[in-house]
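Just so you know, ligand 1 is whichever comes first in the structure, and atom 1 is the first atom listed for that ligand.
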Amino acid sequence: MGLVVQKFGGSSLRDADRVMEAARKAIQAKSAGNQVIVVVSAQGSATDDLIARAGEITARPSAREMDMLLATGEQVSIALTAMAIHELGEKAVSFTGPQIGIVTDSTHRKARIKKINTQRLRDALDDGNIVIVAGFQGIDEQLDITTLGRGGSDTTAVAVAAAMKLVGAEVECEIYTDVDGVYTTDPRIVAEARKMDAISYDEMLEMASMGAGVMHSRSIEFAKKFDVPLIVRNSLSDALGTRIIPESDWMREIPVCGAALAADEARLILEGVPDRPGVSHRVFAALAEASIAVDMIAQSAGGGGKATIGFTVLNAELDRTIRTLRPIADDLGATLRETGKVSKVSVVGAGMRTHTGVAERMFAALAAANINMKMITTGDIKISVLIEEDPSAIAAESGEIPKEKLKQTHMDVRKAVLGRKALRAVHAAFGLAQPRKGAGVPADGAFKNRPAPLLVPGTKDREAAIARLEGMEDVLVSSVHLNPDQSRITIHDLPDQPGNCSRVFSAVATGGIIVDMIVQNMTAPGKAELSFTVPAADLTRALKRTQDVVRLIDPTCRVIGDGDITVLFVLGVGMRTHTGVARRMFGVLADRGINISMINTSEVCVSVVVERSRGEEALALLREEFRIE
Ligand code: ASP
Ligand code: MG
């Protein structure tokens, strides 16, 4: 018998009618011959209301007591949902997280799941019950109640599904929410946005991290790690929703499947940093220590032994970041600068693994819209660019978001005038309004004919890595690789104007040369440094093409080709929600005096460029650090 885990979010349980509706969905799944577990969030805005009540008493509630308080929201929902199912004549029983042994660490308000004891769940299911489980909560080893962080019920649902799968159940997990599924981009900003039928775990992880707020990132990490098929559906309709599944060949028929705008990040620049091993480690270790997640990182080698590090953090963390880094900057003799409001626009697609010229297409679209890029970073399946907002444009515009949608749009997004324009430009450039090619998704039995195993990382590597985990939610580093066949080209002092990157990459792409990593950073006022890697065999050709085009842009730019590099990459799951991976990586390399000259991060991959002569040594160090045989 199959097992369906259904998760209902707060809006899907807002009032008694909606609770009855959820109960009906659960009964329907049971009548179709499945065992059913229902995971619920607190009703409507219950969690926010509880937070507000704490705020009436203290500005600084203890985290332990906050968890005690917040966990009550979900406890209300489980009882009501069980009663609703009883009312409709079916058997149901409700459990809190602690009652079914959802054991977490002790980080109150942000706890991570260590293990789930499935015995009680299984007994209740075998007794013929629909089992209702409170999302978002668990219990630590001291038997204190914990919560998983805002939006954590998704994580509970997928974790319960994963735990049941580990004991042999054939599971699928349905996430009920108030939208029809996952869209190619935010439909409030781009009217042509289209609901996707299917998306891979990695694509969804990147979309989620970019602000496509349909699901909690940690829940998708769980799904990918334990291979739990997910489907996001509207609780008010029978529409098919969006399936989130392992990557398969057809997904790579198009280069890009989605685009996103993040308007809640701030950019910082650390200028005049000594260019020697261990410096970036010091900077990012300090941030990791303070649990500040860094998003984009671009480090440029600069001249005269000095480097510039540009990076972004959430606006909400800006003050803390500055406080953390100021003393380090002073100590290094560097200057820490915050820039004005920025927007990040990213494109994502598994097809980037096989298609060439994706960056070029994106940059050309932005150039045509006369949008300037301040920073560029790439991951294995995404490209992100940072755009500086123009304060005068912000004042003038906001009328283009339809009135009825304005209320639901966050202030940051309303101010992201150029960000929205850029998002529309790339959505159109990649034809995202058209149905995804190859997505002939079978209506039934789809999960049974699951496509081939994941590309990244290999199934064997992943299983071995899972076996080494202590807690279910620990970061999973499944493999470390060396790619010695890359060389790098760096352009110094590229004028900071719209269109220049586009011209460079178009010149390289017309030579049929595949560009892999790209990092662009600002080094001096009005000047950018652009580095990218190309196959070593194409270095001479790529260099010639770059020099020719750069000469037309500005003859004073310097172009340097470097064949003496090697790329190392670490693959896994949870690399960004666990800030420690990049830190450990930089740490072991720094300890041995291995200099990192380029960094790219994504949800599933961190890559760094080091000197070629130290590549094998670095590989061995990282394998040892992450305990990979
Ligand atoms: N009720 C919690 C929150 O609002 C958990 C959830 O909804 O997933 O954050
Ligand atoms: Mg909620």
Side-chain angles (χ1 to χ4, degrees), residues 5-15 18-19 21-22 25-26 37-55 61 63-81 94-100 102 104 107-113 116 132-139 145-162 173-179 182 204-205 208-209 211-223 228 230-236 244 264 314 316 408 410 473 577:
V5 177
Q6 299 184 323
K7 183 257 165 179
F8 292 92
S11 54
S12 306
L13 298 167
R14 192 169 40 223
D15 51 31
R18 300 293 293 264
V19 173
E21 199 46 53
K25 292 253 194 252
I37 297 176
V38 179
V39 175
V40 293
S41 298
Q43 290 185 286
S45 60
T47 307
D48 290 323
D49 300 344
L50 290 169
I51 293 172
R53 282 174 67 187
R64 181 188 183 280
E65 300 313 326
M66 212 47 195
D67 278 353
M68 198 62 114
L69 178 70
L70 295 188
T72 62
E74 273 68 15
Q75 194 170 336
V76 171
S77 296
I78 54 172
L80 294 177
T81 308
S94 70
F95 296 117
T96 62
Q99 278 181 301
I100 53 154
I102 299 188
T104 70
T107 321
H108 286 289
R109 304 202 68 178
K110 252 197 216 166
R112 288 193 178 267
I113 298 179
I116 300 180
I132 322 293
V133 173
F136 176 57
Q137 53 175 259
I139 191 161
I145 291 179
T146 54
T147 64
L148 307 182
R150 295 308 306 269
S153 299
D154 288 340
T155 296
T156 305
V158 184
V160 164
C173 185
E174 302 178 341
I175 306 288
Y176 284 97
T177 169
D178 49 6
V179 292
V182 183
M204 185 64 197
L205 269 170
S209 73
V214 179
M215 282 184 78
H216 208 218
S217 289
R218 282 165 55 188
S219 67
I220 305 155
E221 290 173 0
F222 253 110
V228 176
L230 303 178
I231 183 158
V232 176
R233 306 184 68 166
N234 193 328
S235 57
L236 282 183
I244 307 172
D264 57 352
L314 286 176
Q408 326 151 6
H410 196 276
E473 207 175 343
T577 62

*Asks:* Under a heavy-atom criterion of less than 4.0 Å, does G152 contact ligand 1?
*Replies:*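 It does, in that a heavy atom of G152 comes within the 4.0 Å cut-off of ligand 1.
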
*Asks:* Please say whether S41 places an N or O atom under 3.5 Å from an N or O atom belonging to ligand 1.
*Replies:*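 Yes, at least one N or O pair falls under 3.5 Å.
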
*Asks:* Do K7 and E174 sit within salt-bridge range, that is, some charged N less than 4.0 Å from a carboxylate O?
*Replies:*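 Here K7 does not pair with E174 in a salt bridge, since their nearest N and O are not under 4.0 Å apart.
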
*Asks:* So if I count the atoms of ligand 1 from 1 in the order they appear, which ones are less than 4.0 Å from some heavy atom of G151?
*Replies:*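 The atoms of ligand 1 under 4.0 Å from a heavy atom of G151 are 3 (C), 5 (C), 6 (C), 8 (O), 9 (O).
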
*Asks:* State whether the side chain of T81 and the backbone N or O of S77 hold a donor-acceptor pair below 3.5 Å, judged by distance alone.
*Replies:*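 Yes, the answer is positive, given that a donor and an acceptor are paired below the 3.5 Å cut-off.
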
*Asks:* Under the 3.5 angstrom rule, does the side chain of S45 hit a backbone N or O of D48 as a donor-acceptor pair?
*Replies:*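 No; judged by distance alone, with no hydrogens or angles, the pair does not exist.
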
*Asks:* Just wondering, more than 12 heavy atoms not from E21 lying within 6.0 Å of its CD?
*Replies:*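 Enclosed: over 12 neighbouring heavy atoms sit under 6.0 Å from CD of E21.
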
*Asks:* What do you reckon, does S153 have a nitrogen or oxygen under 3.5 Å from a nitrogen or oxygen of ligand 1?
*Replies:*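 For ligand 1, there is an N or O atom that lies under 3.5 Å from one belonging to S153.
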
*Asks:* Do the non-hydrogen side-chain atoms of L148 and T156 ever get within less than 4.5 Å of each other?
*Replies:*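 Of all side-chain heavy-atom pairs linking T156 with L148, at least one is under 4.5 Å.
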
*Asks:* Check each of M215, H216, R150 against atom 4 (O) of ligand 1 and report the one with the nearest heavy atom.
*Replies:*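 It is R150 that holds the nearest heavy atom.
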
